[in-house]
Every structure is written in structure tokens, then in C-alpha cells.
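Fair warning: this is a prediction, and the values are worked out from it, not measured in the lab. All values below were derived from every heavy atom in this structure, side-chain atoms included, with hydrogens, water molecules and symmetry-related copies excluded.
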Amino acid sequence: MLLVLAAIGAAVAVPGATRRGVSYDEGVSAAMATVSWPSLVATVQATEVNMSLYYVLLRPFVGLVEGPLGLRVVSLAAFVLAVPLLAVVGAQLGHPWAGCAAAVLLATNAFAVESAQTARSYSVLLLLWIVTTSLILRVRDASPSSAARWALCWGVVSGVAGYVHLLAVGTTVVQLMAVALAWPRLLGPLARGAAVAALLWAPAAFLAVRQGAAVIGWLREPVPADLVHAVARTTGGRWSLLVVLAAACWLLLGHRRDATARFLVVLTVTPGVGLYLASVLGPTPLFGPRYLITTAPAAALLVGTAATRMRRGLAAVVLATAVVVAGAERVGSDDTPDEDLRAVARFLSLEAAVGDAVAFVDPTAAAAVGVHWPAAPAYTVFPATLSGRSVYEGRRGMVGVESEVPDAVRAARAHRRVWVVESHLSTPWAQGMRAELLGGLDAAGRRLAWSWQAPGVRVLLYTAVEGEA
């Protein structure tokens, strides 16, 4: 059965992994996976401590498999493993069929599948959350001597998860809250595991505090409607699924003495509410649907458990089928990112010639375009990137880009034609880079010949005026 569930997860997620174009955020992953090790270390220390372990895991696969599939293979593998493992957790909670139902719900959850098809660390975080939840249940069921060892394993995995995404710190706290309301006796051994996790988090916490909140500065303060929308999205993207989730909570909470029910409801409800309150009351907004990825498996366990406890088996089958169909309908429904960098790669592969230069207003897009255009001729915006493999190759890190724009403009003098890719202009940083780059090209005797538009991105062709070298 576990193999069948893994096959279902693979059949749902893998076919669409190459259909969606590489997004801007995935460009960060592509860049971090292809830079030199000194550049990677410097970048992690300067700006990108979050997801640092994920970038290390990604590096062997980017060169092994070309194109978007190589960039997304880690996320896909994590999802395929997560589906059957969730069935194991359901069985640990008391009913094998509850675990199977939860696994199918996760495999057809459009939000979870989208994360599996994206080269970011959320799918890996989802897998590690399931692992740590399983370890908590091992602590619950083990003898006192064995419980200490399982609690230590839980602490180590939780600590490692913090380097996959800093959100793991919050999910660990939620797990402890759920345990406190369900099985308070487990807090003793888990406290020692939590101390181990905290020690492992310490370096990441130090770097995160030093780097500040600029990396999430684009997040706005949420309103109540954002919370409802985010929960609906994480449970599969349908409002009807949110109704099913609420009904499952009501059904399980009807058994007040049921520790498992309290455990699942806290795991499902607390992340969204907690993150919302932290964003509203804290100094910096932290709320985003991606940050609620662990709600997807928790909600699947909750609904699966509720369905198996319904008195009428037919009603449970109808409920589970409706949820699966509604979730599966959303899978693959939105395959176009906000910035269509794949279209840029196709356009440049047809129009750019050897000897042209390609300059990126926001150089993160260069790595994303390079995933779709592996046979690109050498191009440059920064002098140390003539290989064309990565815009960051040979640099100390992904910071200090602004100071290199004048050198990039001087390098462009060797090319009669310069293609400028404008992306991510919603940020003041990119707007400033654009103004400096285009102003430098104009001063160097390059004039705008024509432009081409794609969703969220524009390509400009600058050519030398007559008589200009």
C-alpha cells in the first residue's frame, strides 16, 4: 500500500514538473545551486541563511539533470516520500485507513503539488514535518528508556529542518503546543529534544538576526480575509474543502476526551492563526500562504481521521471522494508564473546572436533564464560572468551587485547589441538598477531599437548608433 501511495504521488506531481516555467524565486535556487562554494558560503552569511541546507541538497541534481526537472527533483522526491509517510503517521494515530485517506488527500492537494513542482524548500519542509510528527508519536508509544532516544531524534531532525526553512522553528513550537494539550506527560522527554534543536538553530538565528527582515520586506500586513483565503488554499484551493475541514474539526472536537483529536486540531489551526497574530502584532509582517505548508498534511490527517470515525461508512466514502475530486481538479490549473522567464529564454534563443550581450536588471532572473536556455552563448552583465553558467559565478556572493553596474556598462562597449531583461520591477532595488544600467548604456552610445513583452517581464534591444564602435 505504501508503494501504491508513493506511485500516486509521483503520478500526480512529476508530469507537471516541466510544464511550469521557472519563477523568479526559483532563479534564486538556480543561482545558489550553481555558484562556487566560496560564493555560496558568502551569500548564506550575507543574505540567504534561510533555505541554506536546501541549496546544498540541490547542487548535485542541477548538473545531473538539465532543465526545470533537475532544478525541481529535490522537491519532487520529498513530496513522493511524504505521501506514504503520512499514511504511516495516520496509522500511528490509530487507524490505517485514516492514514491512507490522508495520504490520498495530500497527493491530490493542489497547493502541496504546486510546492512539489517548485524549486524552493517548502516540499522538503513538509516532509520533515511529517517525520517529526511521526517521531513524536514514537515517543508517545515507546517505553521510558526508548522515549528519550526518540525525543532526541525528534530534536535533531527539528534542528536540521531549521536550515531547510526558518519556519521550522515555528512548526516545532506548534508541535509542542499540540503535545501539551494532548499528552502532557511527553513534554519531559521532548524538552530535552527541544534543547538540542535550539542549539542547532543558534548559528542560523544569529545570521538571521544580523541579516534583518529585508528579504521579506515585500510582505504586507494581513487582514482576516487573507487568513481565510490562505487556509482555503493550503487545504487544496477550494472553498468547499474549507467547509469539509471545519466539519471535521467539529466532529473530532465532539469527543472532548480524545487526545488525538486535540492534537490534530492544534496542528491544523494554530499555524495560520499564530502567523496571522505575529504579523499583526509583531514588528514585521510574516504572513504568506507558502509559510503555512504544514497545514496541508495536518488538515489531511484531520479529515482522514474524521472520515474513518463517521458511523456510516458510505457517508465517509462520499466525503473522502468529494474532497479528493475537488482537490485533484485544482492540480495543474495555474502553470504560468507571474514572470514568464521561460518565454524570455525562448525569445533570446531565437533572436540573440553570438557576440551579443544580455544584461539583467535583476540578475537573479539570469539563473532562471539559464535553466531554460542551457546552450546560451556567453553573455555578461558583470565582468566575472563570461561563462554564461551563472551570473554569480566568481563573485564573493549575491550582494553588492549595484557597485558592479558601471563595470558591466563598460563591458557592454565590446558589443554592438545589448539585450536588457527587465524583471521584478515591483521592488525599488530593481528600479534603481534599471535606471543606472539604462543610463549607462545611453551614455555609452547605445540606443533603444525595439522592445518585446512577456507576462511580468520585458526585453529591450539596445544597439550602437551609426559610427559607434
Atom [atom1] of [X] with >12 non-hydrogen neighbours under 6.0 angstrom:
X	atom1	result
Leu3	CG	no
Trp97	CH2	no
Trp150	CH2	no
Arg59	CZ	yes

With side chains defined as the heavy atoms from C-beta onward, is the minimum distance between [X] and [Y] less than 4.5 Å?
X	Y	value
Val83	Ile8	no
Val369	Phe360	yes
Leu85	Leu81	no
Tyr122	Leu126	no
Thr235	Val303	no

For [Y], does its backbone N or O pair with a side-chain atom of [X] as donor and acceptor, under 3.5 Å?
X	Y	answer
Ser121	Val164	yes
Thr171	Ala168	yes
Asp340	Pro455	no
Arg210	Gln45	yes
Thr234	Val231	yes
His372	Val22	yes

Using every non-hydrogen atom in the two residues, find where [X] and [Y] come nearest and quote the distance to one decimal.
X	Y	value
Val273	Leu227	N-CD1, 4.2 Å
Asp226	Phe287	O-CE2, 3.7 Å
Cys100	Ala87	N-CB, 4.2 Å
Thr268	Ala299	OG1-N, 3.7 Å
Leu187	Ala180	CD1-CB, 3.8 Å
Val157	Leu128	CG1-CD2, 4.2 Å

State the [atom1]-[atom2] distance between [X] and [Y], to the nearest 0.5 angstrom.
X	Y	atom1	atom2	answer
Glu221	Tyr276	CD	OH	7.5 Å
Leu137	Thr132	CG	OG1	10.0 Å
Gln175	Phe263	CD	CZ	6.5 Å
Ile293	Leu127	CD1	CG	11.5 Å
Ile136	Ser134	CD1	OG	9.5 Å
Tyr163	Leu200	OH	CG	6.5 Å

Would you mind telling me which of Thr43, Leu40, Leu207 makes a side chain to side chain contact (heavy atoms under 4.5 Å, CB included) with Glu48? Thr43
Does the side chain of Ser29 pick up a donor-acceptor pair with the side chain of Arg120 at under 3.5 Å? yes
Between the side chains of Glu26 and Thr118, does any donor sit under 3.5 Å from an acceptor? no
Would you call Arg290 and Glu114 a salt bridge, using N to O less than 4.0 angstrom? yes
